[in-house]
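Letters A, B, ... mirror the listed sequences (proteins, then strands); counts begin at 1. These figures come from a predicted structure and were not determined experimentally.
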Amino acid sequence: MTTHHTYDAVIVGAGGAGLRAALEASKDVKTCVISKLYPTRSHTGAAQGGMCAALGNVEEDYPEWHAFDTVKGGDYLVDQPAAILMSKEAVDAVIELEHWGFPFNRTPDGKIDQRRFGGHTRNHGEAAVKRACYAADRTGHMILQTLYQQCIRQDVRFFNEFYVLDLVASKEGRAAGVVAYELATGELHVFRAKSVLFATGGYGRMFKVTSNAHTLTGDGMAVCYRRGIPLQDMEMFQFHPTGIYKMGILLSEAVRGEGGIIINSEGERFMERYAPTVKDLAPRDMVSRAIYQEIKEGRGIDGKDYVFLDVRHLDPVVIETKLPDVTEFARIYLGVEPLTEPVPIQPTAHYGMGGLPTNTDGQVVGGARERPIPGLYAAGECACVSVHGANRLGTNSLLDIVVFGRRGGAHMAGYAKEADFAELPEEPERRTSGVLRGLLTGTGGDSVADIRAELQEQMFDLAGVVRREDGLRKMQGILGGLHDRYKRVVVMDKGKVYNTDLMEAVELGFLLDCADTLVAAALARDESRGAHYREDHPLRDDAHWLRHSLSYRQPDGTVKLEYKDVKMGPYVPMERKY
Amino acid sequence: MKPEPWWDEFTIEAEPTDRLLDALHYVKWYKDGTLALRRSCAHGICGSDAMLINGRNALACKVLVKEVAPKVTVEPIRGLPVLKDLIVDMEPFFEGYKAILPFLINADDPPDRERLQSPEDRARFDDTTKCILCAACTTSCPIFWGDEQYIGPAAIVNAHRFIFDSRDQGAEERLEILSDQSGVFRCRTTFNCTEACPRGIKVTKAIQEVKRAVMFRRF
Ligand SMILES: Cc1cc2nc3c(=O)[nH]c(=O)nc-3n(C[C@H](O)[C@H](O)[C@H](O)COP(=O)(O)OP(=O)(O)OC[C@H]3O[C@@H](n4cnc5c(N)ncnc54)[C@H](O)[C@@H]3O)c2cc1C
Ligand code: FES
């Protein structure tokens, strides 16, 4: 039995972006948030290091310097007006969080303290600057808590443990609502809405070694992609240099911000060779590639595929007070004592720069001409504004989610106030029930776990830190096979109550679709830019590739690529040296 | 009709350094897909997978196989209705949390910039900001098992987080709520909660501080 609901504004996802949007939209219109997790379980809570804003509390700093770093860090694939806007609004965004009770670390005179982070510099690259505002190494946890607390204060309506599985559009192509699956009961719900905002987070679980939660499976992106909406810049996936060896759990860049260094088997601080000015605080793509190179040249520890993160020279008080959580991760998961031993690390799949293309009001825009799709919005990691271009700077995502969460929430409320409800198609849940029935009746095929494991392993090897044409072609073939196997996948749990087995199968389907777009766009882009490094085309090629990719799903499941121009501004592309 | 609870036993191979969560995943993915549990982050930060592990509350993602091998029992956390396998109804828990007004209360117009707060004032409530609402503390508390009305340690921890924040003005209101029948004086200082907290929060200490604040209205 399907239950029907009606809200002016429906927000899908209760991480930082969804909650910030909800705070804005619910002020003006009848709003609900649908989330497959309890809000406080969202992966925003895992963010550690900080959220940047040019407050200038500790060192001289200006939003314009921040904008420049963002554009250069993104290897010029950033839409410059969006980056300029974000760095300006950053200051107010941080102050707003403080007024809502965010427990920032403080300077001796009581102001918000700030620390260094990769790629953030003073005066266009002179030296590292202290720009990241933080709460120890649990900044994301505090953002998630603070926003959720404000939602409680504002009495925002939540539907927790509801999985949104489809977008409903009207005949004339307006967003009309979503279809959701209630985990507790196995029932479907149709949410009719004037405006819908997706804030479903990332898709790092397509890789074997990742800092992302099990639940980060690209749901909102895949749902929209299947409904004909393109995904932008999917080839741009960031690998964070310091993941715990084999597990991928993140050890924040804040470790290096506080003075930690990376060393190879010879004990050499090798980043001095790759980025002489900022060294270990170079942007993530560069550090990850440097690690890859060191390992390739035989300087991994014991000849293996990892190097060391070293904080033994730091003041133990700094480590215990400013980096307590990551220190504990090393102790628990590696059995390593960071105060006295170096910590084994390797690059870990971390952040998808790509996503649903939006303008700076969070409206999802289709095609090269960027026409807004009426009533459809996206914000946070599942969106692509694009402020991160080809490589996101650390601390810019927590900023992104609050700045564009707010803007999206405000615009969707404004739209909902003016618009009527769009006509729902007949039986909007039909497609979803078909998909679920198909999964529940599959027989004789593979398990979700096997298909997923192969996807993750192959993607990590063939579409990871370093890519080549032959590898990507091979990956496309593998993906074709995985899709075939997925059609016959077997779900063991046939029940209705808390059938997480079924939902894992659905999530795997989303991951496979996102992987298709990533590989297709990476194969086409025969240059190297930011996180996308092609060993067979190691140079950046602005003449051909200073443009965003758009991946469209074809009826036969293949990917069609289109391109659109990058929005330029004051910053002229130059060689990216640090 | 509710079926009676039952035990299942599985034998699997695992690395000593695997998480117990990995082992449970192995069971779910390869042996019995109906096994239901909550999890997300897999490194102790989202608070999804609190369970009773060999009789003690902990997060499955923060316990390594070598700590519990060769045989481990897992059960749902106690004192909340079991919905399926390791999944309990979290609503009563979150109701307790909401009851203590878990948000900054300050009626003054905020300044243009940040409110100032000294590092010492900030340190005063640092410990209780770490709470991830996993319910390990609350569901390890014998008073909570016996008395549905008791608001429980997690709610008090979160009250502490605001009562001792120099920027907050809602302490009176919260202390009123906590001095109530179901409030902080139900605590009998058994320390189960402090042992159970996967974030190392000194829960009993926080509760004692709140008790003192209720008695002397000093914070
Ligand atoms: C370990 C780690 C550390 C990080 N550290 C930093 C940092 O220091 N600074 C920084 O700026 N950035 C950091 N990042 C990046 C940043 O944290 C994330 O990009 C950001 O928090 C994403 O927020 P979000 O709101 O878009 O998504 P999330 O917080 O991931 O939330 C996604 C939400 O969508 C919901 N959802 C998903 N699918 C569905 C569905 N089908 N139906 C219903 N709901 C659904 C989920 O329940 C969840 O509520 C870090 C990331 C990681 C992984
Ligand atoms: S899975 Fe997040 S706390 Fe264990």
Side-chain angles (χ1 to χ4, degrees), chain A residues 37-38 40-43 45-46 55 57 94-95 98-101 103-113 135-136 138 140-142 145-146 148-150 152-153 160 184 213-216 247 249-250 325 328-329 332-335 447-449 491-495 497-501 504, chain B residues 17 19 25-26 28-48 62-64 83-85 87 89-90 94 97-98 101-106 110-119 121-122 125-126 129-133 158 161-162 165 167-168 199-200:
Chain A
L37 302 171
Y38 270 90
T40 57
R41 315 290 183 224
S42 304
H43 212 54
L55 300 180
N57 277 2
V94 165
I95 300 298
E98 197 284 327
H99 290 168
W100 281 340
F104 285 107
N105 277 42
R106 300 288 174 153
T107 64
D109 54 353
K111 292 189 202 155
I112 293 170
D113 197 12
R138 54 177 184 280
H141 166 73
M142 294 321 328
Q145 296 283 324
T146 303
Y148 183 55
Q149 291 157 2
Q150 290 301 311
I152 292 175
R153 189 179 63 102
N160 296 328
H214 285 284
T215 47
L216 288 175
M247 294 180 131
I249 297 169
L250 191 76
D325 283 359
E328 194 195 23
F329 296 152
I332 292 187
Y333 297 110
L334 287 165
S447 76
V448 170
V491 173
M492 285 183 258
D493 191 342
K494 311 289 184 194
V497 178
Y498 284 96
N499 191 343
T500 51
D501 199 27
E504 284 192 39
Chain B
T17 50
R19 292 159 272 206
H25 270 152
Y26 189 88
K28 180 172 179 59
W29 293 343
Y30 297 104
K31 302 242 168 182
D32 182 355
T34 70
L35 175 67
L37 65 148
R38 293 190 177 101
R39 71 356 175 202
S40 183
C41 72
H43 66 286
I45 220 70
C46 75
S48 295
K62 240 180 153 174
V63 170
L64 298 191
L83 300 174
K84 182 179 175 189
D85 300 340
I87 295 186
D89 181 3
M90 292 296 288
F94 278 103
Y97 169 69
K98 287 176 198 160
L101 312 176
F103 39 81
L104 192 85
I105 297 176
N106 185 319
D112 286 344
R113 292 284 290 205
E114 66 262 49
R115 293 194 181 93
L116 298 181
Q117 182 170 55
S118 71
D121 283 345
R122 166 67 179 75
F125 64 102
D126 186 65
T129 63
K130 294 178 190 156
C131 175
I132 55 174
L133 298 168
N158 281 281
R161 180 253 170 269
F162 289 103
D165 185 334
R167 301 167 296 175
D168 185 84
R199 302 284 291 143

task = Below 4.5 Å from any heavy atom of chain A, which atoms of B:Leu35 appear? Answer side chain, backbone, both or neither.
result = backbone
inquiry  = Between A:Leu37 and chain B, with a heavy-atom cut-off of 4.5 Å, which part of the residue counts as in contact: side chain, backbone, both or neither?
reply    = side chain
Presence of salt bridge, B:Lys84 and A:Asp493, under 4.0 angstrom = yes
query = Out of B:Lys130, B:Arg199, B:Lys62, which one pairs with A:Asp325 under the salt bridge (charged side-chain N to carboxylate O under 4.0 Å, His left out) rule?
reply = B:Arg199
task = Identify which part of B:Arg167 has an atom lying under 4.5 Å from any heavy atom of chain A, answering side chain, backbone, both or neither.
result = side chain
note = If one checks every heavy atom of B:Leu64 against chain A at 4.5 Å, the contacting part turns out to be side chain
ask   = Given a strict heavy-atom distance threshold of 4.5 Å, which part of B:Asp168 is in contact with chain A: side chain, backbone, both, or neither?
value = neither
message = At a 4.5 Å cut-off on heavy atoms, which part of B:Asp112 comes close to chain A: side chain, backbone, both, or neither?
response = backbone
ask   = Between A:Leu250 and chain B, which part of the residue has a heavy atom less than 4.5 Å away: side chain, backbone, both or neither?
value = neither
key: Pairwise distance NE2(A:His43) to NE2(A:His214) - rounded to 0.5 angstrom   = 10.0 Å
message = Given heavy-atom pairs under 4.5 angstrom as the criterion, report whether the side chain, backbone, both or neither of A:Pro103 touches chain B.
response = both
inquiry  = Applying ring pair (Phe, Tyr, Trp, His ring centres under 6.0 Å), can you list everything that pairs with A:His99, at least two apart in sequence or on another chain?
reply    = none
query = Looking at A:Asp501, A:Val497, A:Thr107, which one has more heavy-atom pairs under 4.5 Å with chain B than the rest?
reply = A:Asp501
message = Less than 4.5 Å to any heavy atom of chain B: does that hold for the side chain of A:Ile249, its backbone, both, or neither?
response = side chain
inquiry  = Cation-pi check for A:Phe104 against B:Arg122: NZ or CZ below 6.0 Å from the six-membered ring centre and within 45 degrees of the axis, yes or no?
reply    = no
ask   = Relative to chain B, which segment of A:Thr146 carries a heavy atom at a distance below 4.5 Å: side chain, backbone, both, or neither?
value = neither
query = By ring pair (Phe, Tyr, Trp, His ring centres under 6.0 Å), which residues pair with A:Tyr38, not counting sequence neighbours?
reply = B:Phe94
message = Once you measure the plane-to-plane angle for A:Tyr148 and B:Tyr97, does it fall in the parallel (<30°), tilted (30-60°) or perpendicular (>60°) bin?
response = parallel
query = Quick one: of B:Asp85, B:Leu101, B:Ile45, B:Leu37, who has the most non-hydrogen atom pairs under 4.5 Å with chain A?
reply = B:Ile45
message = Between A:Arg138 and chain B, with a heavy-atom cut-off of 4.5 Å, which part of the residue counts as in contact: side chain, backbone, both or neither?
response = side chain
query = Would A:Thr215 and B:Ser40 count as having a side-chain donor-acceptor pair, cut-off 3.5 Å?
reply = yes
message = If I measure from the heavy atoms of chain B, does A:Asp113 come under 4.5 Å with its side chain, its backbone, both, or neither?
response = neither
note = Honestly, the part of A:Tyr498 sitting under 4.5 Å from a heavy atom of chain B is both
request  = Taking atom types as modelled, find out whether A:Asn57 and B:Glu114 have a side-chain donor-acceptor pair closer than 3.5 angstrom.
outcome  = yes
ask   = Looking at B:Gly44, B:Ala36, B:Ser118, B:Cys131, which has the largest count of heavy-atom pairs under 4.5 Å with chain A?
value = B:Cys131
task = Quick one: do A:Tyr333 and B:His43 satisfy ring-ring contact (aromatic ring centres under 6.0 Å, His included)? Show the steps, please.
result = CA-CA 9 Å; A:Tyr333 297 110; B:His43 66 286; 7.3 Å; no
